[in-house]
Amino acid sequence: MIKKNIYVFLMILPCIFMLVGCDNYTKLMFKGDIDYIKIQIGERYKEITNPKDINNLISLIEESKLRKIKEKQNVIYYKIDIFIHTKTKYNKITVIKDIIFYNGNYYKSESNLGKQIEKIYSDMNYLELIDKNEAKKIKNKRINRRNLSLQKALEGYWIDSKGNSLYFKDGWLYQGKYEFRYHINSIDRNRNYIHISVFGVKGFFLKGKKLFDMHITIDDTKNNLKLEKDMVGRYRYNYNMIYIDDENYKLGTFEYKFFNH
């Protein structure tokens, strides 16, 4: 019986993750011979096959200090899927900025693990391939947004190229840890233009006070927008932003010609 148990353990060892707890942190420790690692962002992916590159990526994941959290946090960013393949199976980790999803559990990393992995993806000289199923899914998501009204298209998650985010929902605007109320002043459907005013909701001097105006132009796909933010003190800021859906798919693109005008 003992020999049988040892045999079963040795059979499953090459394809399991271990969760190690230390100083209130959890670490994902991968044990076994890794064949290759697939990193996927949207429909695009690369297969990492060089042993040195594999070890560097695994070390980055294993050395990340994680805290287990009860549920997914509302992170406005696109997801990165990591598939770690052995000869017999694979393990999947999903990373959204500093949130990690693995084996039905959510973890928060001390560092922005997603940003580090995305840099690795960009820097590694591997052929970039297309997942046809994901490409079809994302294409349909993009097409379905075309028929939305401007007011409906505005609602949801938007990010700029630096990762700054906005979330519009039912007259509420969330920017990082700050929340505001907004009012739509006008909509010009011929120009895909929306003018809104934004008001404070907290603080004796800010509650109910107009803080700034937003002049927003949305492209025909409803997945990209240009935003001009006029502060009451006459400061002006401009942002190019793309839409992230509620499944953390990136539907807009900063390479789109809309941003060149």
Side-chain angles (χ1 to χ4, degrees), residues 12-13 15-32 34 37-42 45 57-86 89-121 131 134 137-138 141 154-160 162-182 200-203 241-252:
I12 66 173
L13 182 59
C15 54
I16 62 171
F17 263 104
M18 294 177 62
L19 293 176
V20 179
C22 180
D23 297 329
N24 296 321
Y25 291 108
T26 296
K27 291 187 177 183
L28 299 180
M29 303 295 293
F30 188 79
K31 303 296 181 183
I34 300 170
I37 298 176
K38 174 181 171 182
I39 304 177
Q40 183 160 342
I41 304 175
Y45 69 92
L57 184 55
I58 289 297
S59 294
L60 175 64
I61 296 172
E62 290 185 340
E63 292 169 8
S64 296
K65 294 181 177 180
L66 310 177
R67 293 187 185 275
K68 190 174 181 179
I69 54 180
K70 293 182 178 179
E71 58 185 15
K72 179 184 176 182
Q73 297 185 355
N74 196 20
V75 181
I76 306 174
Y77 208 67
Y78 49 87
K79 65 180 180 178
I80 301 173
D81 289 323
I82 305 168
F83 302 86
I84 301 178
H85 289 258
T86 65
K89 64 173 291 185
Y90 70 86
N91 288 280
K92 178 182 177 183
I93 304 172
T94 297
V95 181
I96 307 171
K97 269 193 172 180
D98 58 352
I99 301 299
I100 292 89
F101 178 72
Y102 169 69
N103 199 25
N105 295 308
Y106 289 97
Y107 305 89
K108 186 176 179 66
S109 69
E110 288 283 289
S111 59
N112 190 333
L113 185 60
K115 185 176 182 180
Q116 296 176 71
I117 292 174
E118 188 168 9
K119 186 177 187 306
I120 289 174
Y121 181 92
D131 183 322
E134 284 291 274
K137 181 177 181 179
I138 292 170
K141 284 175 172 285
L154 178 64
E155 293 195 347
Y157 308 106
W158 299 87
I159 63 168
D160 68 8
K162 297 180 180 179
N164 300 310
S165 61
L166 295 176
Y167 175 47
F168 296 88
K169 183 65 176 178
D170 297 331
W172 287 90
L173 169 62
Y174 302 89
Q175 184 175 6
K177 62 181 180 180
Y178 301 104
E179 60 180 6
F180 310 92
R181 294 287 293 179
Y182 72 87
V201 296
K202 293 180 180 179
M241 310 193 82
I242 62 174
Y243 186 76
I244 306 293
D245 78 352
D246 55 6
E247 291 185 299
N248 295 98
Y249 281 98
K250 179 170 61 173
L251 301 188

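For this chain, numbers begin at 1 and follow the sequence in order. Only heavy atoms go into these numbers, but all of them, side chains included; no hydrogens, no water, no symmetry mates.
By the ring-ring contact (aromatic ring centres under 6.0 Å, His included) test, Phe180 is found to be paired with Phe212, residues two or more places apart in sequence or in another chain being considered.
Two residues are said to be in side-chain contact when any heavy atoms from C-beta on lie closer than 4.5 Å; Ile159 and Tyr77 meet this criterion. Annotation: side chain of Ile76 is not in contact with side chain of Leu166 (no heavy-atom distance under 4.5 Å). Between Thr26 and Tyr107, the closest side-chain pair of non-hydrogen atoms falls below 4.5 Å. Within the 4.5 Å cutoff, the side chain of Leu251 has heavy atoms near those of the Ile138 side chain. For the pair Glu134 and Lys137, the minimum side-chain heavy-atom distance is below 4.5 Å. Residues Ile80 and Glu118 have side chains in contact (heavy-atom distance under 4.5 Å, counting atoms from C-beta outward). Counting only heavy atoms from C-beta outward, the side chains of Ile69 and Ile99 approach each other to under 4.5 Å. Looking only at side-chain heavy atoms (C-beta outward), Ile39 and Tyr45 stay at 4.5 Å or farther from each other.
In this structure, Met241 CE and Asp160 CG are separated by 5.0 Å, a value rounded to the nearest 0.5 Å. Taking CD1 of Ile117 as the start and CG of Asn112 as the end, the distance is 9.5 Å to the nearest 0.5 Å. To the nearest 0.5 Å, atom OG of residue Ser165 and atom OH of residue Tyr157 are 10.0 Å apart. Rounded to the nearest 0.5 Å, atoms CG (Asn248) and CG (Asp81) are 10.0 Å apart. For the atom pair OG of Ser109 and CD1 of Ile61, the computed distance is 11.0 Å after rounding to the nearest 0.5 Å. Taken from CG in Leu66 to CG in Asp98, the straight-line distance is 10.5 Å, to the nearest 0.5 Å.
Relative to the six-membered ring of Tyr106, Lys68 misses at least one condition, a distance below 6.0 Å or an angle of at most 45° to the axis. Note that Lys92 lies outside the cation-pi zone of Phe83, set by a 6.0 Å cut-off to the ring centre and a 45° limit from the axis.
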Given the rule in the side chain to side chain contact (heavy atoms under 4.5 Å, CB included) test, do Thr94 and Ile100 qualify, once you have shown the distances and angles that lead to the verdict?
CA-CA 6 Å; Thr94 297; Ile100 292 89; over 6 Å; no

Test side chain to side chain contact (heavy atoms under 4.5 Å, CB included) on Ile84 and Ile34 and set out the steps.
CA-CA 7 Å; Ile84 301 178; Ile34 300 170; 4.0 Å; yes

Worked verdict on Lys141 versus Tyr243 for side chain to side chain contact (heavy atoms under 4.5 Å, CB included):
CA-CA 11 Å; Lys141 284 175 172 285; Tyr243 186 76; over 6 Å; no

Apply side chain to side chain contact (heavy atoms under 4.5 Å, CB included) to the pair Glu63 and Lys27, showing each step before the final yes or no.
CA-CA 7 Å; Glu63 292 169 8; Lys27 291 187 177 183; 5.6 Å; no

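Comment: Lys79 does not engage Glu247 in a salt bridge, judged by the lack of any side-chain N to carboxylate O separation of less than 4.0 angstrom.
Below 30°, between 30° and 60°, or above 60°: for Tyr90 and His85 the angle between ring planes is between 30° and 60°, a tilted geometry.
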Got a list of side-chain donor-acceptor pairs under 3.5 Å for residues 168-177, not counting sequence neighbours?
none

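In this structure, a donor-acceptor pair under 3.5 Å is absent between the side chains of Glu110 and Ser64.
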